[in-house]
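Along the sequence shown, residues are numbered consecutively beginning with 1. Excluded from the calculations below are hydrogen atoms, water molecules and symmetry mates; all remaining heavy atoms, backbone and side chain alike, are included.
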Amino acid sequence: MTRTSSVRRVALLAAALAALAVSCGTAPEPDGTPTTSGSTAPSSGEDVRGAFATLQATLYDSCAADCGPFLGRVHQELQELDGAMKADPKGPGHFPEPIQKIAELNKTLAGDSSSENLKKHEKVIIGTRDFVNTWMQGHPDDYR
């Protein structure tokens with residue numbers, strides 16, 4: 001019972017951090033220009049935390065009648081976490097196993113993120129998500 005409560009608390013905290021991360025980077029500068037640096041990859045450890053939090057938010061979701069949107073979301077969250085890890089100041093060498101696992105997924109998908117291809121590789125996508133989640137749980141300094 002305590003383990004379940006702890007997991008739920010972590011998931012709720014992760015979702016809150018994800019919402020905060022999303023809301024912090026989108027406000028325009030006073031001159032009307034966006035606050036993005038032109039890069040799609042985040043650039044700090046805080047970004048790894050936010051990207052991991054949004055990936056964790058998919059843990060209690062599952063495929064409904066139409067798995068396409070769910071699998072697309074999981075795939076997108078993995079891509080964003082991959083970019084955050086590669087751009088992290090600690091360097092991509094700090095996250096070798098998750099980066100490798102996501103690269104294997106990307107090779108399997110061969111650039112095709114259509115709903116049909118994602119459904120075809122559902123087990124690989126979910127397995128990658130679960131592997132990355134487990135790895136990150138073993139490295140709490142990277143997401144707390």
Side-chain angles (χ1 to χ4, degrees), residues 3-29 32-144:
R3 171 104 173 117
T4 302
S5 297
S6 295
V7 171
R8 286 190 178 145
R9 269 189 252 124
V10 169
L12 287 172
L13 177 60
L17 286 173
L20 180 61
V22 169
S23 68
C24 289
T26 58
E29 292 291 325
T33 58
T35 59
T36 59
S37 63
S39 170
T40 59
S43 61
S44 74
E46 191 66 38
D47 293 322
V48 170
R49 287 184 191 104
F52 180 56
T54 58
L55 179 67
Q56 277 191 308
T58 70
L59 290 175
Y60 298 106
D61 293 342
S62 62
C63 283
D66 181 13
C67 283
F70 168 70
L71 294 173
R73 177 175 171 220
V74 172
H75 177 255
Q76 181 63 35
E77 299 299 346
L78 286 166
Q79 300 311 307
E80 290 176 8
L81 182 59
D82 183 56
M85 290 176 169
K86 289 176 178 174
D88 190 83
K90 296 174 188 172
H94 186 73
F95 306 97
E97 291 91 350
I99 289 173
Q100 178 183 352
K101 195 71 165 175
I102 294 168
E104 291 169 7
L105 169 65
N106 291 341
K107 185 176 179 181
T108 298
L109 295 176
D112 182 0
S113 59
S114 67
S115 292
E116 296 79 25
N117 197 46
L118 295 178
K119 179 61 180 162
K120 178 180 173 184
H121 298 291
E122 176 181 356
K123 288 182 181 180
V124 177
I125 294 167
I126 299 304
T128 302
R129 179 202 63 188
D130 293 348
F131 173 88
V132 170
N133 179 61
T134 299
W135 190 92
M136 289 293 289
Q137 293 294 333
H139 298 81
D141 290 344
D142 294 318
Y143 68 92
R144 288 190 181 158

Side-chain heavy-atom pair [X], [Y] within 4.5 angstrom cut-off:
{"X": "Glu77", "Y": "Val74", "result": "no"}
{"X": "Phe95", "Y": "Leu81", "result": "no"}
{"X": "Lys101", "Y": "Glu97", "result": "no"}
{"X": "Cys63", "Y": "Leu71", "result": "yes"}
{"X": "Gln137", "Y": "Phe52", "result": "yes"}
{"X": "His75", "Y": "His121", "result": "no"}

Check: Asp112 main-chain N/O paired with Asn117 side-chain donor or acceptor under 3.5 Å: yes

Rounding to 0.5 Å, atoms CD1 (Ile126) and CG (Leu59) come to a distance of 9.0 Å

Which heavy atom in [X] sits nearest to a heavy atom in [Y], and how many Å separate them?
{"X": "Ala84", "Y": "Ala51", "value": "CB-CB, 4.1 Å"}
{"X": "Arg129", "Y": "Phe70", "value": "NH1-CZ, 3.7 Å"}
{"X": "Leu109", "Y": "Ile125", "value": "CD2-CD1, 4.5 Å"}

For side-chain contact (heavy atoms from CB on, under 4.5 Å), just list the numbers for Arg73 and Asp61, CA-CA rounded to whole Å, side-chain angles, deciding distance to a tenth of an Å, and then say yes or no. CA-CA 10 Å; Arg73 177 175 171 220; Asp61 293 342; 2.6 Å; yes

Where do Lys119 and Glu122 land on the salt bridge (Lys or Arg N to Asp or Glu O under 4.0 Å) test, with the steps shown first? CA-CA 5 Å; Lys119 179 61 180 162; Glu122 176 181 356; 2.6 Å; yes

If we check side-chain contact (heavy atoms from CB on, under 4.5 Å) with Pro98, which of these qualifies: Thr134, Leu78, Val132? Val132

